[in-house]
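Notes follow once the structure below has been shown.
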Protein chains: 2
Amino acid sequence: MRADAQRNYDRIVEAASEAVARDGAEASLEEIARRAGVGSATLHRHFPNRWALMSAVFHGRTEGLCERAGELETAPDPHEALVTWLRELAAYSATARGLAAVLLAEPLQQSESCGAMLVTAGERLRLRAVEAATVRPDVSIADLLTLVNAIALAAEKTGPAEAARLVSLAMDGISAHPQTR
Amino acid sequence: MRADAQRNYDRIVEAASEAVARDGAEASLEEIARRAGVGSATLHRHFPNRWALMSAVFHGRTEGLCERAGELETAPDPHEALVTWLRELAAYSATARGLAAVLLAEPLQQSESCGAMLVTAGERLRLRAVEAATVRPDVSIADLLTLVNAIALAAEKTGPAEAARLVSLAMDGISAHPQTR
DNA sequence: GCAGAAGCGGGGGGCCACCCCACTTATTGT
DNA sequence: ACAATAAGTGGGGTGGCCCCCCGCTTCTGC
C-alpha cells in the first residue's frame with residue numbers, strides 16, 4: 001500500500017470514529033469522507049461497504065477487550081472471569097452504538113475480523129470455565145458471543161446497566177430450580 | 001375514517017406484508033405504495049414512519065401468538081408452556097424478518113401495540129410458572145420478551161432453529177451447576 | 001343534489017450510497 | 001536525476017430513498 005493511501009485510510013478511520021461516537025453506526029459516509037478531507041470515492045474504495053468501515057473503527061476497542069480477556073485468564077475464579085468479561089463486552093457494545101450490529105453482521109469465523117479476535121480471546125476463558133465444570137461443555141463460545149451481542153443490541157436503547165443485568169440473567173438461567181428438570 | 005381511506009389503508013398493509021416477506025423490514029416504502037396503487041404521500045399520511053407500518057403488518061401475526069398463549073394456559077406443565085411459547089415467538093420473529101426489530105423499537109408498554117399485546121398474553125404464562133416455582137419471581141415478562149427478541153434478532157441470519165436453541169439455552173442457563181453458586 | 005371537508009397523489013427537495021473516468025502522485029528501474 | 005508506470009484520487013453523475021407541499025378529486029351528512 002502506498003504511503004498516501006495509508007494516510008488517507010487512517011484519516012478516514014479517525015473521522016469515522018468521531019462520527020460513530022456522535023451518530024452511531026448509521027452515520028453518514030459522505031460526511032465522514034468530507035471530514036476526513038477525502039473524496040467519497042476514496043472512502044468507498046478503501047471500504048467496500050459500511051460494515052467494513054465499522055469493523056476498522058471498532059478494531060482498536062476490540063483489541064482492548066481481548067487484552068482484558070488476557071488479564072482475566074489469571075483470575076482465581078474461572079466462572080466469574082468469564083461472566084465478568086461477557087458483561088463488560090455487553091456494556092461496551094451497548095455504549096458504542098453499532099458495535100453489536102457489526103459483530104452480528106459479519107461472519108464470526110472470518111479471520112482478522114473483530115468477531116474472530118473475540119472468539120479466540122473468549123474461547124480461553126470459556127475453556128477454563130468448562131474445566132472448572134461451571135459451564136456446560138456443549139455451549140460454544142459462538143453461542144455465548146451471539147447471546148451477549150443480541151442482548152447488547154436489544155439494550156442499546158435502555159443503557160449498559162440493563163444490558164449487564166440481562167447478561168447475568170441469561171448466564172444464571174431464569175429458572176428457579178434448574179436441577180429439578 | 002372514510003370508506004376509501006380504509007380501503008387504501010388495507011391495500012397498503014397487504015402490499016407491505018408481501019414486501020416484508022420478500023425483503024424484510026427494510027423494504028422500500030415507495031415500492032409498497034406503488035404496488036398498493038396509492039401515492040407515496042398516502043402511505044406516509046396513514047403511517048408517519050416505518051415502524052408504524054411494520055406494526056400494522058405484524059398485528060395479525062401477533063394476535064395469532066396471543067391466541068397460542070391462551071391455549072398454552074391450560075397445558076399441564078406451566079414451565080414447559082412458558083418455554084414453548086417463548087420458543088415459538090423466537091422462531092416466528094426469526095422468520096418474519098423485522099418483527100423483532102419492531103418489537104424492540106417501540107415502547108413495550110404502549111397500549112394497542114404489538115408489544116403490549118404480547119406482554120399481557122405472556123404475563124399469564126409467566127405468572128403460572130412463578131406459582132409453580134419454576135421461574136424466579138424477580139424476572140419480569142419484559143425481561144423475557146426483550147431477551148427472546150434479542151435472540152431472534154441475532155439469529156435472523158442463522159434461522160429459526162438456532163433461535164429456538166439459544167432460547168432454550170438462555171432459559172436453562174448456561175451454567176453446569178447453577179445451584180452451587 | 002350540494003357544500004364542505006376529508007382524502008388523494010404528482011412532483012419536488014434534500015440526502016444518500018455507489019460508480020465512472022480523466023487527472024495526479026508516489027514508486028521503481030536505470 | 002528522471003522518465004515510465006502503476007496506483008491512487010476526487011468531482012460529478014445516477015438512481016434511489018424519505019418526506020412534504022398543495023391543487024385536485026371523491027365521499028358524506030344534510
Side-chain angles (χ1 to χ4, degrees), chain A residues 1-59 97-99 101-107 113 157, chain B residues 1-59 97-99 101-102 104-106 156-157:
Chain A
M1 186 185 262
R2 248 167 59 174
D4 55 343
Q6 179 69 52
R7 194 175 58 242
N8 277 335
Y9 183 100
D10 293 340
R11 294 173 81 182
I12 290 171
V13 171
E14 190 186 335
S17 295
E18 295 171 10
V20 167
R22 196 176 50 249
D23 305 328
E26 301 305 309
S28 160
L29 297 187
E30 298 238 321
E31 195 193 324
I32 290 172
R34 228 178 299 128
R35 296 227 179 194
V38 304
S40 69
T42 300
L43 187 150
H44 284 284
R45 193 173 319 105
H46 282 299
F47 306 98
N49 54 54
R50 175 169 233 109
W51 295 338
L53 176 56
M54 293 303 145
S55 196
V57 166
F58 293 127
H59 198 268
R97 303 174 30 178
L99 210 203
V102 168
L103 292 178
L104 287 175
E106 65 178 11
S113 70
K157 269 110 196 165
Chain B
M1 185 184 261
R2 245 166 61 173
D4 54 343
Q6 180 68 51
R7 195 175 57 242
N8 278 334
Y9 182 100
D10 292 341
R11 294 173 82 181
I12 290 171
V13 171
E14 190 186 334
S17 295
E18 294 171 11
V20 167
R22 196 176 50 250
D23 305 327
E26 301 304 308
S28 161
L29 298 187
E30 300 237 323
E31 195 191 325
I32 290 173
R34 231 179 297 125
R35 297 226 178 195
V38 303
S40 69
T42 300
L43 187 151
H44 284 284
R45 194 173 315 109
H46 282 299
F47 306 98
N49 55 56
R50 175 171 234 109
W51 294 339
L53 176 57
M54 293 304 146
S55 196
V57 167
F58 293 127
H59 197 267
R97 301 175 30 184
L99 210 202
V102 167
L104 286 175
E106 66 179 7
E156 261 180 18
K157 270 109 195 163

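The sequence lines fix the lettering, A, B, ..., with proteins before strands; numbering per chain opens at 1.
The side-chain hydrogen bond (donor to acceptor under 3.5 Å, both in side chains) check on A/Asp10 picks up A/Gln6, with sequence neighbours excluded. Contacts of B/Phe47 classified as ring pair (Phe, Tyr, Trp, His ring centres under 6.0 Å), with partners at least two apart in sequence or in another chain: B/Tyr9. Applying the salt bridge (charged side-chain N to carboxylate O under 4.0 Å, His left out) rule to B/Arg2 yields the partners B/Asp4; only residues at least two apart in sequence or on another chain are considered.
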Using a cutoff of under 3.5 Å, can you pull out all pairs of nitrogen or oxygen atoms linking the protein to nucleotides 7-12 of chain D, with atom names and distances?
unit_1, atom_1, unit_2, atom_2, d
D/dA7, N3, A/Arg2, NH1, 2.8
D/dT9, OP1, A/Asn8, ND2, 2.3
D/dT9, OP2, A/Arg45, NH1, 3.3
D/dG10, OP2, A/Gly39, N, 3.2
D/dG10, OP2, A/Thr42, OG1, 2.8
D/dG10, N7, A/Arg45, NH2, 3.4
D/dG10, O6, A/Arg45, NH2, 3.4

For residues 13-20 of chain A, dump all side-chain donor-acceptor pairs below 3.5 Å to protein atoms at least two apart in sequence or in another chain.
unit_1, atom_1, unit_2, atom_2, d
A/Ser17, OG, A/Val13, O, 3.0

Pairs under 3.5 angstrom only: tabulate donor-acceptor contacts from the side chains of residues 25-33 of chain B to other protein residues two or more places apart or in another chain.
unit_1, atom_1, unit_2, atom_2, d
B/Ser28, OG, B/Glu30, N, 3.3
B/Ser28, OG, B/Glu31, N, 3.2
B/Glu31, OE2, B/Arg22, NH2, 3.3
B/Glu31, OE2, B/Arg35, NE, 3.1
B/Glu31, OE2, B/Arg35, NH2, 3.3

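Taking atom CZ on B/Arg34 and atom C1' on D/dC17, their separation rounds to 11 Å, with Å as the unit. Counting to the nearest Å, the C1' atom of D/dC19 and the CG atom of B/Leu53 are 15 Å from each other.
The stretch residues 14-24 of chain A has no heavy atom under 4.0 Å from DNA chain D, so no residue of it qualifies as close.
The footprint of chain A on DNA chain C, defined by a heavy-atom cutoff below 4.0 Å, extends from C/dC16 to C/dT27.
Comparing A/Glu30 and B/Ala27 against DNA chain D, the residue whose closest nucleotide sits nearer the 5' end is A/Glu30.
Distance CG/B/Asn8 to CZ/B/Arg11: 6.5 Å, rounded to 0.5 Å. How far NE2 of B/His44 is from CG of B/Leu53: 9.5 Å, rounded to the nearest 0.5 Å.
Within the 4.0 angstrom heavy-atom criterion, no nucleotide atom of any strand lies near A/Ala33.
Among residues at least two apart or in separate chains, there is no ring pair (Phe, Tyr, Trp, His ring centres under 6.0 Å) pair with a member in residues 10-43 of chain A.
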